[in-house]
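Here the structure is a predicted model, which means the values were calculated and not measured.
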Amino acid sequence: MHRRLIAPGALAASLLLAIPASAASHTPGAPGIGDPYYPAYGNGGYDVSHYDLRLTYQPATDELEGTATLLATTTQDLSRFDLDFLLDVDEVRVNGVKASFAASGEHELQITPAKPLAKGTSVTVVVRYSGVPSTKSAYGFSTWHRTPDGAVAADEPESAWWWYPSNDHPLDKATYDVSVAVPDGTQAISNGTLQSTSSRLGWTRYNWRSNKPQATYLTTLAVGKFDITTGTSEGGVPVVNAYSRDLGDNDGAARASVERTGELVDWLSGYFGPYPFSSAGGYVPNTTTGYALETQTRVYYSPRQFANGSNTSVVVHELAHQWYGDDVSLKGWKDIWINEGFARYAQWLWSEHEGEGTTQELADYVYASHPADDAFWTVAPGDPGPDNQFDIAVYDRGALAVQALRDEVGDDAFFAILKGWPKEHAYGNASVADFREYAEQVSGTSLAALFDTWLFQPSKPAAPAARSAGVASALAAKGAVVPPKSWKKIAATDTVHSG
């Protein structure tokens with residue numbers, strides 16, 4: 001940032017002249033959006049409707065240059081606002097006029113426009129920046145993953161800070177244009193549909209578009225040398241998959257799993273309703289991480305997910321998130337059960353479809369596998385706390401809660417809820433309380449006690465829903481708890497959100 005040095009008296013006089021009396025009511029936007037799990041994540045004072053990211057990336061040196069254009073609307077009389085960002089900023093303009101800026105805290109970029117902004121104002125923010133993402137960290141970690149031939153941005157609950165400035169919270173969803181120039185022979189992969197490519201002077205530019213609202217953590221960027229496959233599902237959904245060319249022994253299993261994306265999207269549509277986005281697919285870069293992530297339309301998979309062979313269960317899990325988590329996103333990170341409980345339950349449905357264990361048998365097994373004094377039961381999936389946000393109980397106890405709901409309301413109402421929910425809150429945000437209200441509305445049943453028992457009480461329920469107690473008791477009486485055939489594949493996805 002470049003400032004002219006001004007004597008204190010002159011500065012005070014200039015401020016009095018520059019700021020009209022009406023601007024006294026303008027206040028800074030909050031440096032956090034208000035999520036108790038992550039108080040510094042996201043920002044207050046504005047809402048973004050579109051990101052236009054124009055980037056140039058050099059894989060050999062990890063150097064990234066970019067111009068981000070954000071279209072937003074102010075939600076208060078605004079004197080200053082923050083973006084979440086870590087790279088080095090060269091210039092900021094607000095509505096075409098240079099604005100002052102400064103880094104603050106672990107990951108905040110404070111921007112002060114030349115003139116205060118009235119509530120309800122349409123705002124165009126342009127940020128020019130550069131840097132080496134792998135040299136940046138916040139709170140002691142990085143979500144920028146270097147690969148032998150490039151890099152990947154994919155993580156939860158944050159990853160945007162390392163490659164573009166944003167309002168980084170699921171509450172502020174937006175559409176995206178992501179344009180990336182890379183050296184010829186290298187590809188750049190992002191969300192949505194590839195609009196065009198062009199080559200000039202040894203560089204190729206890839207232009208990707210996401211035309212439906214997308215949370216910041218669901219935006220991904222992968223640069224490297226990939227084999228890319230394209231096709232269309234039987235139901236008409238375009239599919240784009242990509243595989244690093246150096247996956248080694250994991251290559252075949254990865255392809256045997258991810259290439260079934262179109263089939264699985266169509267299958268899930270039977271439960272969740274029409275696929276909500278313009279394309280589907282996934283990519284498997286050569287990373288050392290262990291997790292998978294439901295990055296919108298273009299799922300991120302670690303090669304380690306396929307170390308023991310093909311695993312369609314993890315593909316089902318991440319694709320289920322396209323409805324539960326991506327189409328309908330959480331209001332706050334405490335609502336993570338709506339994402340993970342239903343994605344896990346989709347794996348149970350797939351197990352039943354494959355004849356490898358019914359949803360009820362899986363529920364019985366999970367219930368019987370954890371004695372009453374197991375810490376598993378102390379985690380409340382309906383509000384697990386930031387330290388337990390991705391605890392296995394959010395997945396498995398979360399799926400038990402879904403089965404309990406099914407047993408309580410019956411199959412007709414349950415499957416109506418399952419399919420109606422993504423339509424009810426399409427491209428928006430919702431909470432656990434919203435889901436309960438919707439389930440009660442569809443089923444005509446009061447569900448307060450059931451939700452409290454399965455999602456919020458820090459203890460093992462006295463008995464699982466319906467006939468589960470009898471089955472679990474019978475298993476226990478035999479002295480062994482026998483897992484359904486699909487359990488090993490499902491358990492292999494327990495690391496979907498851990499490194």
Side-chain angles (χ1 to χ4, degrees), residues 154 189 191-193 212 218 220 228-243 250-284 291-303 305-306 308-328 339-359 362 395 399 402 415 418-419 421-423 484-497:
I189 294 167
N191 312 76
T193 57
K212 298 296 184 186
L218 297 173
T220 193
I228 297 175
T229 67
T230 60
T232 304
S233 78
E234 191 175 359
V237 177
V239 179
V240 179
N241 297 319
Y243 310 89
N250 292 325
D251 183 78
R255 292 173 187 262
S257 308
V258 178
E259 284 301 301
R260 295 184 69 179
T261 293
E263 169 199 350
L264 296 175
V265 162
D266 289 349
W267 179 78
L268 285 165
S269 296
Y271 288 103
F272 299 152
Y275 183 70
F277 302 120
S278 60
S279 71
Y283 71 97
V284 189
Y291 60 87
L293 182 63
E294 62 271 19
T295 37
Q296 191 162 306
T297 72
R298 194 109 315 106
V299 174
Y300 164 82
Y301 299 99
S302 161
Q305 292 290 328
F306 311 107
N308 295 318
S310 64
N311 190 347
T312 53
S313 191
V314 71
V315 180
V316 167
H317 182 102
E318 302 305 336
L319 291 177
H321 276 310
Q322 303 303 307
W323 288 265
Y324 281 78
D326 295 10
D327 179 7
V328 185
N339 293 21
E340 302 303 344
F342 285 86
R344 177 65 103 209
Y345 195 76
Q347 293 176 268
W348 291 11
L349 289 167
W350 179 245
S351 167
E352 187 168 298
H353 173 78
E354 293 289 273
E356 296 183 344
T358 66
T359 61
L362 285 159
Y395 297 74
V402 179
F415 288 112
L418 211 59
K419 186 173 288 187
W421 174 254
K423 183 178 179 181
K485 184 179 179 181
S486 63
W487 185 253
K488 187 175 288 188
K489 296 176 185 176
I490 293 171
T493 68
D494 288 348
T495 58
V496 287
H497 288 295

Can you tell me how far [atom2] of [Y] sits from [atom1] of [X], rounded to the nearest 0.5 angstrom?
| X | Y | atom1 | atom2 | result |
| --- | --- | --- | --- | --- |
| S269 | L264 | OG | CG | 10.5 Å |
| L418 | L349 | CG | CG | 7.0 Å |
| E356 | K489 | CD | NZ | 4.0 Å |
| N308 | K488 | CG | NZ | 8.5 Å |
| T261 | N241 | OG1 | CG | 4.5 Å |
| D326 | N339 | CG | CG | 7.5 Å |

Exercise: identify the closest heavy-atom pair between [X] and [Y]:
| X | Y | result |
| --- | --- | --- |
| G282 | Y301 | CA-CE1, 4.0 Å |
| V316 | L268 | O-CD1, 4.0 Å |
| V265 | V237 | CG1-CG2, 4.1 Å |
| T220 | N191 | N-OD1, 2.9 Å |
| V299 | L293 | CG1-O, 3.3 Å |
| I228 | A242 | CG1-CB, 4.0 Å |

Contacts of type side-chain hydrogen bond (donor to acceptor under 3.5 Å, both in side chains), residue [X], not counting sequence neighbours:
| X | value |
| --- | --- |
| D266 | S233 |
| T230 | none |
| R260 | E263 |
| Q347 | S313, H317, R344, T493 |

Requested in this report: For the pair V402 and W348, evaluate side-chain contact (heavy atoms from CB on, under 4.5 Å) and give the outcome as yes or no after the intermediate values.
Outcome: CA-CA 11 Å; V402 179; W348 291 11; over 6 Å; no
Query - Y283/Y300 aromatic ring centres below 6.0 Å - result: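 Centroid separation for Y283 and Y300: below 6.0 Å.
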Query raised in the report: Any sub-3.5 Å donor-acceptor pair from E352's side-chain atoms to T359's backbone N or O?
Result: yes
Query - Under 3.5 Å: donor-acceptor pair, side chain of K485, backbone of G357 - result: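 Judged by distance alone, no pair lies under 3.5 Å.
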Query raised in the report: Does the side-chain hydrogen bond (donor to acceptor under 3.5 Å, both in side chains) test come out yes or no for E340 and H321, once each step is laid out?
Result: CA-CA 8 Å; E340 302 303 344; H321 276 310; 3.1 Å; yes
Side chains of [X] and [Y]: donor-acceptor distance under 3.5 Å anywhere?
| X | Y | answer |
| --- | --- | --- |
| S486 | S351 | yes |
| N311 | Q305 | no |
| Y324 | E294 | no |

Do any side-chain atoms of residues 272-281 form donor-acceptor pairs under 3.5 angstrom with protein atoms, and if so which ones, sequence neighbours left out?
unit_1, atom_1, unit_2, atom_2, d
Y275, OH, S279, O, 2.7
S279, OG, G192, O, 2.7
S279, OG, R298, NH2, 3.1

Report summary line: Sorted by chain and residue number, the ring pair (Phe, Tyr, Trp, His ring centres under 6.0 Å) partners of W267 (sequence neighbours excluded) come out as Y271, W350, H353
